[in-house]
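Chain A is the first sequence line, chain B the second, and so forth, proteins listed ahead of strands; every chain is numbered from 1. Treat the numbers as computed from the prediction; the structure is a model and nothing was measured.
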Protein chains: 2
Amino acid sequence: MMEEEYLSVYKCLGDITRLRILHLLQREPLCVCHIQDVLGEPQPKVSKQLAYLKRHAMIESMRHANWTIYRLPSEPGTFLSQNLKCLESLVFHESVFQEDLKRLKRVDTSAACLS
Amino acid sequence: MMEEEYLSVYKCLGDITRLRILHLLQREPLCVCHIQDVLGEPQPKVSKQLAYLKRHAMIESMRHANWTIYRLPSEPGTFLSQNLKCLESLVFHESVFQEDLKRLKRVDTSAACLS
DNA sequence: CCGGAATATTCCCCAAAGTGCATATTATGT
DNA sequence: ACATAATATGCACTTTGGGGAATATTCCGG
(Lines give C-alpha, C1' and ligand atoms only; values in the text may rest on other atoms or scores of the structure.)
Protein backbone atom coordinates (compact mmCIF):
# COMPACT_ATOMS: atom_id res chain seq x y z
CA MET A 1 0.00 0.00 0.00
CA MET A 2 1.25 3.42 -0.88
CA GLU A 3 2.51 5.86 1.65
CA GLU A 4 0.37 8.84 2.45
CA GLU A 5 1.08 11.87 0.32
CA TYR A 6 1.79 14.16 3.23
CA LEU A 7 4.44 11.88 4.65
CA SER A 8 6.16 11.70 1.28
CA VAL A 9 6.11 15.46 1.00
CA TYR A 10 7.64 15.98 4.40
CA LYS A 11 10.36 13.46 3.72
CA CYS A 12 11.19 15.23 0.50
CA LEU A 13 11.35 18.59 2.22
CA GLY A 14 13.67 17.32 4.95
CA ASP A 15 16.85 17.64 2.90
CA ILE A 16 18.63 20.84 1.99
CA THR A 17 19.63 19.73 -1.50
CA ARG A 18 16.07 18.81 -2.37
CA LEU A 19 14.79 22.07 -0.94
CA ARG A 20 17.24 24.01 -3.06
CA ILE A 21 16.12 22.11 -6.14
CA LEU A 22 12.44 22.71 -5.44
CA HIS A 23 13.15 26.36 -4.85
CA LEU A 24 14.76 26.63 -8.27
CA LEU A 25 12.05 24.65 -10.03
CA GLN A 26 9.45 26.90 -8.50
CA ARG A 27 10.97 29.68 -10.58
CA GLU A 28 11.19 27.77 -13.84
CA PRO A 29 11.75 24.33 -15.35
CA LEU A 30 15.42 23.43 -15.56
CA CYS A 31 17.68 20.77 -16.95
CA VAL A 32 20.07 18.82 -14.79
CA CYS A 33 23.21 20.63 -15.84
CA HIS A 34 21.74 23.98 -14.91
CA ILE A 35 20.68 22.77 -11.52
CA GLN A 36 24.08 21.27 -11.12
CA ASP A 37 25.78 24.54 -12.00
CA VAL A 38 23.63 26.56 -9.66
CA LEU A 39 23.96 24.23 -6.71
CA GLY A 40 27.63 23.59 -7.30
CA GLU A 41 27.08 19.97 -6.41
CA PRO A 42 28.39 16.88 -8.21
CA GLN A 43 26.17 15.62 -11.01
CA PRO A 44 25.34 12.18 -9.53
CA LYS A 45 24.21 13.82 -6.33
CA VAL A 46 21.88 16.12 -8.23
CA SER A 47 20.54 13.34 -10.43
CA LYS A 48 19.84 11.15 -7.44
CA GLN A 49 17.91 13.78 -5.57
CA LEU A 50 15.95 14.55 -8.71
CA ALA A 51 15.13 10.87 -8.99
CA TYR A 52 14.10 10.83 -5.36
CA LEU A 53 11.78 13.79 -5.87
CA LYS A 54 10.28 12.29 -8.98
CA ARG A 55 9.79 8.93 -7.29
CA HIS A 56 7.71 10.76 -4.70
CA ALA A 57 5.74 12.65 -7.33
CA MET A 58 7.12 16.02 -6.31
CA ILE A 59 8.42 16.83 -9.79
CA GLU A 60 7.97 15.75 -13.39
CA SER A 61 10.52 15.32 -16.13
CA MET A 62 10.60 15.28 -19.90
CA ARG A 63 13.41 14.38 -22.19
CA HIS A 64 14.26 17.13 -24.62
CA ALA A 65 17.01 16.08 -26.99
CA ASN A 66 20.07 15.46 -24.91
CA TRP A 67 18.66 17.09 -21.83
CA THR A 68 16.14 16.13 -19.21
CA ILE A 69 13.98 19.01 -18.16
CA TYR A 70 12.58 18.88 -14.66
CA ARG A 71 9.70 20.92 -13.40
CA LEU A 72 7.05 21.04 -10.73
CA PRO A 73 3.97 18.95 -11.56
CA SER A 74 1.43 20.59 -13.84
CA GLU A 75 -1.21 20.04 -11.19
CA PRO A 76 0.65 19.93 -7.88
CA GLY A 77 -1.45 18.55 -5.06
CA THR A 78 -2.96 21.01 -2.63
CA PHE A 79 -0.69 19.83 0.10
CA LEU A 80 2.49 20.34 -1.88
CA SER A 81 1.38 23.76 -3.08
CA GLN A 82 0.59 24.87 0.44
CA ASN A 83 3.98 23.79 1.67
CA LEU A 84 5.75 25.52 -1.15
CA LYS A 85 3.88 28.70 -0.28
CA CYS A 86 4.94 28.30 3.30
CA LEU A 87 8.53 27.83 2.25
CA GLU A 88 8.31 30.84 0.01
CA SER A 89 7.20 33.13 2.79
CA LEU A 90 9.29 31.78 5.64
CA VAL A 91 12.37 30.00 4.35
CA PHE A 92 13.33 30.79 0.80
CA HIS A 93 14.52 34.26 1.72
CA GLU A 94 17.51 32.70 3.49
CA SER A 95 20.91 33.23 1.98
CA VAL A 96 21.43 29.69 0.67
CA PHE A 97 18.43 30.07 -1.57
CA GLN A 98 19.09 33.66 -2.52
CA GLU A 99 22.62 32.84 -3.58
CA ASP A 100 21.19 30.10 -5.75
CA LEU A 101 18.90 32.63 -7.38
CA LYS A 102 21.82 34.88 -8.25
CA ARG A 103 23.71 32.03 -9.85
CA LEU A 104 20.56 30.99 -11.68
CA LYS A 105 20.29 34.35 -13.38
CA ARG A 106 23.88 34.21 -14.53
CA VAL A 107 23.65 30.66 -15.82
CA ASP A 108 20.33 30.99 -17.44
CA THR A 109 21.22 33.49 -20.15
CA SER A 110 23.93 31.41 -21.71
CA ALA A 111 21.78 28.34 -21.89
CA ALA A 112 22.38 25.89 -24.70
CA CYS A 113 19.47 23.58 -23.88
CA LEU A 114 16.85 26.30 -24.03
CA SER A 115 16.56 26.17 -27.78
CA MET B 1 26.84 23.82 13.90
CA MET B 2 23.18 23.32 14.42
CA GLU B 3 20.82 22.18 11.73
CA GLU B 4 18.43 24.71 10.30
CA GLU B 5 15.12 24.82 12.09
CA TYR B 6 13.06 24.16 9.00
CA LEU B 7 14.94 20.96 8.20
CA SER B 8 14.40 19.71 11.74
CA VAL B 9 10.72 20.47 11.52
CA TYR B 10 10.29 18.61 8.26
CA LYS B 11 12.16 15.61 9.57
CA CYS B 12 9.91 15.54 12.60
CA LEU B 13 6.80 15.76 10.46
CA GLY B 14 7.89 12.92 8.20
CA ASP B 15 6.75 10.14 10.49
CA ILE B 16 3.20 9.08 11.16
CA THR B 17 3.67 8.37 14.84
CA ARG B 18 5.13 11.79 15.47
CA LEU B 19 2.35 13.42 13.47
CA ARG B 20 -0.25 11.65 15.54
CA ILE B 21 1.46 12.81 18.72
CA LEU B 22 1.66 16.41 17.57
CA HIS B 23 -1.96 16.29 16.56
CA LEU B 24 -2.92 15.21 20.06
CA LEU B 25 -0.70 17.74 21.78
CA GLN B 26 -2.19 20.47 19.69
CA ARG B 27 -5.44 19.74 21.52
CA GLU B 28 -4.00 19.62 25.00
CA PRO B 29 -0.94 18.65 27.03
CA LEU B 30 -0.79 14.94 27.72
CA CYS B 31 1.19 12.43 29.69
CA VAL B 32 2.89 9.47 28.08
CA CYS B 33 0.39 6.88 29.19
CA HIS B 34 -2.49 8.77 27.66
CA ILE B 35 -0.69 9.17 24.39
CA GLN B 36 0.16 5.51 24.53
CA ASP B 37 -3.45 4.55 25.15
CA VAL B 38 -4.73 6.71 22.34
CA LEU B 39 -2.17 5.61 19.79
CA GLY B 40 -2.31 1.97 20.80
CA GLU B 41 1.43 1.75 20.35
CA PRO B 42 3.98 0.16 22.70
CA GLN B 43 5.27 2.45 25.41
CA PRO B 44 8.97 2.49 24.38
CA LYS B 45 7.99 3.49 20.88
CA VAL B 46 5.95 6.40 22.18
CA SER B 47 8.64 7.49 24.62
CA LYS B 48 11.30 7.42 21.94
CA GLN B 49 9.33 9.51 19.50
CA LEU B 50 8.56 11.96 22.27
CA ALA B 51 12.28 12.15 22.99
CA TYR B 52 12.94 12.71 19.30
CA LEU B 53 10.43 15.53 19.15
CA LYS B 54 11.82 17.13 22.29
CA ARG B 55 15.40 16.82 21.06
CA HIS B 56 14.30 18.81 18.01
CA ALA B 57 12.53 21.42 20.13
CA MET B 58 9.11 20.54 18.80
CA ILE B 59 7.66 19.86 22.24
CA GLU B 60 8.37 20.56 25.89
CA SER B 61 7.98 18.35 28.93
CA MET B 62 7.56 18.74 32.64
CA ARG B 63 7.61 16.14 35.33
CA HIS B 64 4.50 16.12 37.41
CA ALA B 65 4.67 13.57 40.18
CA ASN B 66 4.90 10.21 38.55
CA TRP B 67 4.00 11.48 35.13
CA THR B 68 5.74 13.41 32.43
CA ILE B 69 3.48 15.89 30.76
CA TYR B 70 4.29 16.78 27.19
CA ARG B 71 2.99 19.79 25.36
CA LEU B 72 3.70 22.06 22.45
CA PRO B 73 6.24 24.79 23.22
CA SER B 74 4.86 27.87 24.97
CA GLU B 75 6.23 30.00 22.14
CA PRO B 76 6.38 27.72 19.08
CA GLY B 77 8.46 29.16 16.27
CA THR B 78 6.65 30.76 13.37
CA PHE B 79 7.67 27.97 11.10
CA LEU B 80 6.34 25.23 13.31
CA SER B 81 3.08 27.09 13.91
CA GLN B 82 2.57 27.59 10.22
CA ASN B 83 3.09 23.94 9.51
CA LEU B 84 0.74 22.89 12.26
CA LYS B 85 -1.88 25.18 10.76
CA CYS B 86 -1.30 23.59 7.39
CA LEU B 87 -1.67 20.13 8.88
CA GLU B 88 -4.79 21.19 10.66
CA SER B 89 -6.49 22.32 7.50
CA LEU B 90 -5.27 19.67 5.09
CA VAL B 91 -4.26 16.50 6.92
CA PHE B 92 -5.64 16.16 10.41
CA HIS B 93 -9.15 15.49 9.16
CA GLU B 94 -7.99 12.08 7.92
CA SER B 95 -9.34 9.06 9.69
CA VAL B 96 -6.15 8.09 11.53
CA PHE B 97 -6.20 11.37 13.37
CA GLN B 98 -9.93 11.49 13.87
CA GLU B 99 -9.94 8.03 15.39
CA ASP B 100 -7.25 9.22 17.75
CA LEU B 101 -9.45 12.10 18.79
CA LYS B 102 -12.30 9.76 19.62
CA ARG B 103 -10.08 7.62 21.79
CA LEU B 104 -8.69 10.74 23.40
CA LYS B 105 -12.10 11.84 24.58
CA ARG B 106 -12.79 8.45 26.10
CA VAL B 107 -9.46 8.23 27.85
CA ASP B 108 -9.37 11.78 29.03
CA THR B 109 -12.31 11.69 31.41
CA SER B 110 -10.98 8.88 33.55
CA ALA B 111 -7.57 10.49 33.89
CA ALA B 112 -5.64 9.85 37.07
CA CYS B 113 -2.74 12.14 36.29
CA LEU B 114 -4.89 15.20 35.76
CA SER B 115 -5.19 15.99 39.43
C1' DC C 1 29.01 3.74 -36.79
C1' DC C 2 31.68 6.67 -33.58
C1' DG C 3 32.99 10.31 -30.20
C1' DG C 4 31.32 13.27 -26.94
C1' DA C 5 27.94 15.65 -24.03
C1' DA C 6 24.12 15.04 -20.73
C1' DT C 7 22.11 12.17 -17.63
C1' DA C 8 21.20 7.93 -15.00
C1' DT C 9 22.67 4.11 -12.37
C1' DT C 10 25.55 1.01 -9.62
C1' DC C 11 28.56 -0.15 -5.86
C1' DC C 12 30.24 0.86 -1.49
C1' DC C 13 30.33 3.00 2.91
C1' DC C 14 28.46 5.03 6.83
C1' DA C 15 25.16 7.36 9.72
C1' DA C 16 20.53 7.91 11.10
C1' DA C 17 15.93 6.03 11.96
C1' DG C 18 12.43 2.98 13.30
C1' DT C 19 10.98 -1.03 16.00
C1' DG C 20 10.69 -4.87 19.43
C1' DC C 21 12.25 -6.61 23.59
C1' DA C 22 14.29 -6.24 27.86
C1' DT C 23 15.91 -3.52 31.54
C1' DA C 24 16.83 0.68 34.13
C1' DT C 25 15.17 4.76 36.41
C1' DT C 26 12.14 7.62 39.08
C1' DA C 27 8.52 8.69 42.05
C1' DT C 28 4.58 7.17 44.92
C1' DG C 29 2.26 4.97 48.59
C1' DT C 30 2.48 1.82 52.39
C1' DA D 1 12.75 -0.38 52.75
C1' DC D 2 9.51 -2.36 49.23
C1' DA D 3 6.29 -3.05 45.66
C1' DT D 4 4.39 -0.79 41.99
C1' DA D 5 3.15 2.48 38.36
C1' DA D 6 5.05 5.64 34.90
C1' DT D 7 8.65 6.65 32.06
C1' DA D 8 13.22 6.32 29.96
C1' DT D 9 17.02 3.94 28.10
C1' DG D 10 19.87 0.22 26.08
C1' DC D 11 20.66 -3.50 22.81
C1' DA D 12 20.04 -5.85 18.48
C1' DC D 13 18.38 -5.67 14.08
C1' DT D 14 16.79 -3.93 9.66
C1' DT D 15 15.85 -0.24 6.49
C1' DT D 16 16.56 4.07 4.58
C1' DG D 17 19.15 7.90 3.19
C1' DG D 18 23.09 10.62 1.69
C1' DG D 19 27.42 10.97 -0.62
C1' DG D 20 31.63 9.77 -3.46
C1' DA D 21 33.69 7.40 -7.25
C1' DA D 22 33.18 4.88 -11.17
C1' DT D 23 30.49 3.19 -14.91
C1' DA D 24 26.50 2.75 -17.88
C1' DT D 25 23.06 4.73 -20.81
C1' DT D 26 21.04 7.91 -24.06
C1' DC D 27 21.15 11.02 -27.61
C1' DC D 28 23.28 14.10 -30.73
C1' DG D 29 26.38 15.49 -34.58
C1' DG D 30 29.45 14.14 -37.97
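Looking at heavy-atom distances under 4.0 Å, A:P44 makes contact with a base.
Aromatic ring centroids of B:Y6 and A:F92 lie 6.0 Å or more apart.
Between B:T17 and C:dG18, a side-chain N or O to OP1/OP2 separation shorter than 4.0 Å is absent. Close to D:dG18, at under 4.0 Å from its OP1 or OP2, lies a side-chain N or O of A:R18. Look at A:Y70 and you'll find a side-chain N or O under 4.0 angstrom from OP1 or OP2 of C:dA8. Contact between the side-chain N/O atoms of A:T68 and the OP1/OP2 oxygens of C:dA6 is not found at any separation under 4.0 Å.
At a threshold of 4.5 Å between non-hydrogen side-chain atoms, the residues B:V32 and B:Y70 count as touching. Between A:L72 and A:E60 there is no side-chain heavy-atom pair separated by less than 4.5 Å. You'll find the side chain of B:L24 reaches within 4.5 Å of the side chain of B:L104, heavy atoms only. Considering only heavy atoms from C-beta on, A:L87 comes within 4.5 Å of A:L13 through its side chain.
We find that CD1 of A:I59 is positioned 13 Å from C1' of C:dT7, with the value rounded to whole Å. Distance NE2 (B:H64) to P (C:dT28): 10 Å, rounded to an integer number of Å. Following rounding to the nearest Å, A:I35 (CD1) and C:dA8 (P) show an atom-to-atom distance of 9 Å. Residue A:L7 contributes atom CG, which lies 20 Å from atom P of D:dT15 at whole-angstrom precision. Between the P atom of D:dG18 and the CD atom of A:E41 lies a distance of 13 Å, rounded to the nearest Å. Here D:dA8 presents its C1' atom at 15 Å from CG of B:L53, a figure rounded to the nearest Å. Atom CG of B:L50 is separated from atom C1' of D:dA6 by 13 Å (rounded to the nearest Å). Taking atom CG of A:L30 as the reference point, atom P of C:dA6 lies 15 Å away to the nearest angstrom.
In terms of polar N and O atoms assigned as donor or acceptor, the side chain of B:K48 comes within less than 3.5 Å of the base of C:dG20 in a complementary pairing. Counting distance only, with no hydrogens placed and no angle test, the side-chain atoms of B:Q43 and the base atoms of D:dA6 include no donor-acceptor pair under 3.5 Å.
Cation-pi geometry between A:R18 and A:Y52 is met: under 6.0 angstrom from the ring centre, within 45 degrees of the axis.
Between B:N66 and A:K11, the residue whose closest nucleotide on DNA chain D is further toward the 5' end is B:N66. Heavy-atom nearest nucleotides on DNA chain D were determined for A:R63 and for A:R55, and the one closer to the 5' end corresponds to A:R55. Between A:Q36 and B:P42, the residue anchored closer to the 5' end of DNA chain C is A:Q36, taking for each the nucleotide with the nearest heavy atom.
Of all nucleotides listed (C:dT28, D:dA6, C:dA6), D:dA6 comes nearest to the side chain of B:W67. You'll find that the side chain of A:A65 is closest to D:dC28, out of C:dA17, C:dG20, D:dC28. The side chain of A:C33 lies closest to C:dA6, out of C:dA6, C:dG18, D:dA8.
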